[in-house]
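Below: one structure, written as structure tokens.
Hydrogens, waters and symmetry mates play no part in the numbers below; they use all other heavy atoms, side chains included. Order of appearance sets the numbers: ligands from 1, and atoms from 1 within every ligand.
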Amino acid sequence: MTIRLTESQQTVVNHDEGALLVVAGPGSGKTRVLTERVRRLLKQEGEHFRVLALTFTNKAANEMADRLAGIPGVDERAFIGTMHSFCTEVLANRGKSVGVNGLPNIFDSYQDRKQVLLDAVRQHSDLKRELENAGDSRSQSRKVDQWLKRIGELKNELVVPEMVEDERFARLYAEYDNQLRASNALDFDDLLLLTYRLFEERPKIAAFYRRQYRYISIDEAQDLNEAQYRVLCALCGTEYFNIMMVGDPKQAIFMWNGAHPKYLELFESDFSAKRVELQENFRSSAAVVAAARKLNDDYSVEGVLPVEGVVQVDECEDEEDEAKFILTTIQELCEHGHPDVEGEITLEKCAVIGRNKFVFGALQSAFEESDVKFYKKLSGTAVQSESDVIAELELALRLLANPLDRLHLGMLAKRIGVTHSIQEIYGNASLRELTGKQLLTQLKSLSGTSISLVFTILESLGIEGEAFNFQKALSRIEELAVSFPTEQRALVLQDLGEWKKHWNAYLRSESGGAHNISSFLSQIALGTTQQPNEDGVALLTVHASKGMEFDVVFLISMNEGTFPDYRAKGASLDEEQRNAFVAVTRSKRLLYVTYPNVRLMPWGDFKQQDRSRFVDKILE
Ligand SMILES: Nc1ncnc2c1ncn2[C@@H]1O[C@H](COP(=O)(O)OP(=O)(O)OP(=O)(O)O)[C@@H](O)[C@H]1O
């Protein structure tokens, strides 16, 4: 479908050299004009110029790449991806001076990082004592969570251990990094921190990338944090101004995580950027825009679609009643359509949005009972293997890719009953030369008579160096699974299905390149192998719904304590309201807001609930 751009949208698309800031509300076409500008530049600037387009999510990157497909050589001439993917590429190619040799091994799971921190604590008797003094195991676990959070915050503020005043914490932070490096690994925050250091300490490398990328653009820039902004500044140096940011401060929902919309303003002054505002909303019906305005007085819209749409609030007895309402409404809409929604209403046009991932239980059961297809995007990116066989295979793959990975070596050893210490497992091997295959052979020899299935699977692969055929391993597991007890078999097949999807997505995204374990695992960690489009109704947390749009949106569990979250106070309450604003503005035509009067708590009691203050606002 060709779209006629408005004059201000066209100004953005036609913008040539110099910094540009586009600040505009939801559905105003920010992502659209950004994509169109990239298209124009790639077409107009001929063969030579490359464009760096940074998106907030991989899904957004996939959508942009889809829209630009067809431009000759687009894959080589544009890097479209998240900031973390870009940093990974920079570090893989040029990261030697900051200690990164080749593709970084990323510890993306929270539990892994927590274990790394625990290992760090164990290295120092005073830290160990402090942790023990925190109280019972729950309190200790909470303490480690706090420490990990603080380390993440410091990294995001580009603060390295040497800059931390509190000596004890500086030691903990440094030891955490040491432990990560001992496993030859980085965490997500390191990707930014090290890229920043690289550009600052080796200006020639930053200059190289400036020459590579004649134009840079950043989507969802209201959610940049200090580290991300500084990476961009370090990349641009003092003379590069061909950078464009689009964002909406009204949709800033990651301030809890160190992001801040102030970087939009900072960018405007640091880069003397031209500012363009877009005033229309091309996405949402009049009713949805009116509801959004109730949640933000500053949201003014000059042009709204000539479609009335629906905003309906429904009080439900309990979560089961709420689930039933959503199910029957979706079924009716799919059967009869709606005058305000163009064409047939399919499940894919519907989304259910909740403040947190715990509100979907009753709905999931209702969908499953009625065979209504759905998919979930509730949090992080990594795959979560439920079955032992696949979990062990995943650990083994990590070791094949990175034999120095002490953390996952310890985990695999424990799972397969090897009681030797890590040092004993490594034995006298020269760590510099040790291959993953040698390490696994050593592990197998230590596992005695109880040889784990994972070795059978790996042997069937005959993994040697880069000759990596993951499909073969998956087929082998499928064969073996036939003899598993029913429940175990179900879990294994479910996991296999997930891994197959990731593998196929990896093959598609790296169609030209050599396939190896390291790059497969790093693509999984970066989330690039996530499915761009799935079938059925989307179940999303507000944060996962960012940038998306659906004809029909259900905003559920709108109770005090859930939305807004019970912990939110002061500035966090404002952020909760922006969350509600983002959720509402995902709807193109119909919005159903529901809340149960009673909720079943995890400990089995029913608890009376109050309606969310945001529902009151919408009804004002
Ligand atoms: N000039 C236009 N005419 C018709 N439709 C448009 C126009 N510009 C954008 N759109 C459509 O409006 C919808 C919203 O656009 P887009 O997703 O780019 O908005 P956005 O500003 O990035 O939104 P958000 O901030 O909520 O993510 C899309 O479906 C897009 O195709």
Exercise for the section: Using a strict cut-off of 4.0 Å, indicate which atoms of ligand 1 neighbour a heavy atom of Arg4. Expected result: 1 (N), 2 (C), 3 (N)
Practice task
Only heavy atoms count here, so choose which of Gly247, Ser284, Gly27, Gly29 is nearest to atom 23 (O) of ligand 1.
Solution key: Gly27
Practice task
Mark up the atoms of ligand 1 that fall under 4.0 Å of a heavy atom belonging to Gly25, in ascending order.
Solution key: 21 (O)
Handout entry: Distance-only N or O hit between ligand 1 and Leu5, under 3.5 Å
Key = no
Exercise for the section: Take every heavy atom of Thr585, measure it against each atom of ligand 1, and state whether any distance is under 4.0 Å. Expected result: no
Practice task
Kindly indicate, with the supporting measurements, whether the criterion salt bridge (Lys or Arg N to Asp or Glu O under 4.0 Å) is fulfilled by Glu560 and Arg611.
Solution key: CA-CA 6 Å; Glu560 284 292 296; Arg611 183 167 84 181; over 6 Å; no
Fill in the blank from the handout: Per-atom filter on ligand 1: closer than 4.0 angstrom to a heavy atom of Gln251 are 24 (P), 25 (O), 26 (O)
Problem - With Arg50, the side chain to side chain donor-acceptor pair (under 3.5 Å) member among Tyr215, Tyr209, Tyr213 - result: Tyr213
Exercise for the section: Test Asp314 against Gln312 for side chain to side chain donor-acceptor pair (under 3.5 Å), laying out the working first. Expected result: CA-CA 6 Å; Asp314 286 275; Gln312 184 179 313; 3.0 Å; yes
Problem - Sub-3.5 Å N/O-N/O distance, Arg283 and ligand 1 - result: yes
Exercise for the section: Would you indicate which of Ile3, Thr6, Thr35 comes nearest to atom 3 (N) of ligand 1 when only heavy atoms are counted? Expected result: Ile3
Exercise for the section: Return yes if a side-chain donor-acceptor contact under 3.5 Å exists between Ser85 and Thr82, otherwise no. Expected result: yes
Exercise for the section: Go through ligand 1 atom by atom and flag the ones less than 4.0 Å from a non-hydrogen atom of Gly547. Expected result: 27 (O)
Handout entry: Audit row: Glu344, Lys349, salt bridge (Lys or Arg N to Asp or Glu O under 4.0 Å) steps and yes/no
Key = CA-CA 9 Å; Glu344 204 186 329; Lys349 288 186 176 177; over 6 Å; no
Exercise for the section: Can you sort out which atoms of ligand 1 are near Thr31, meaning under 4.0 Å from one of its heavy atoms? Expected result: 18 (O), 22 (O)
Practice task
Check whether the side chains of Arg599 and Ser557 place a donor and an acceptor atom closer than 3.5 Å, and report yes or no.
Solution key: yes
Exercise for the section: Tell me, please: is Arg586 in heavy-atom contact with ligand 1, that is, under 4.0 Å? Expected result: yes
Handout entry: Under 3.5 Å side-chain donor-acceptor pair for Glu220 and Gln222
Key = yes
Practice task
Take Arg40 and Asp16 through the salt bridge (Lys or Arg N to Asp or Glu O under 4.0 Å) test and state the conclusion after the steps.
Solution key: CA-CA 10 Å; Arg40 183 188 69 73; Asp16 258 331; 3.2 Å; yes
Practice task
Would you mind listing which atoms of ligand 1 come within a distance below 4.0 Å of any non-hydrogen atom of Glu549?
Solution key: 13 (C), 14 (C), 28 (C), 29 (O)
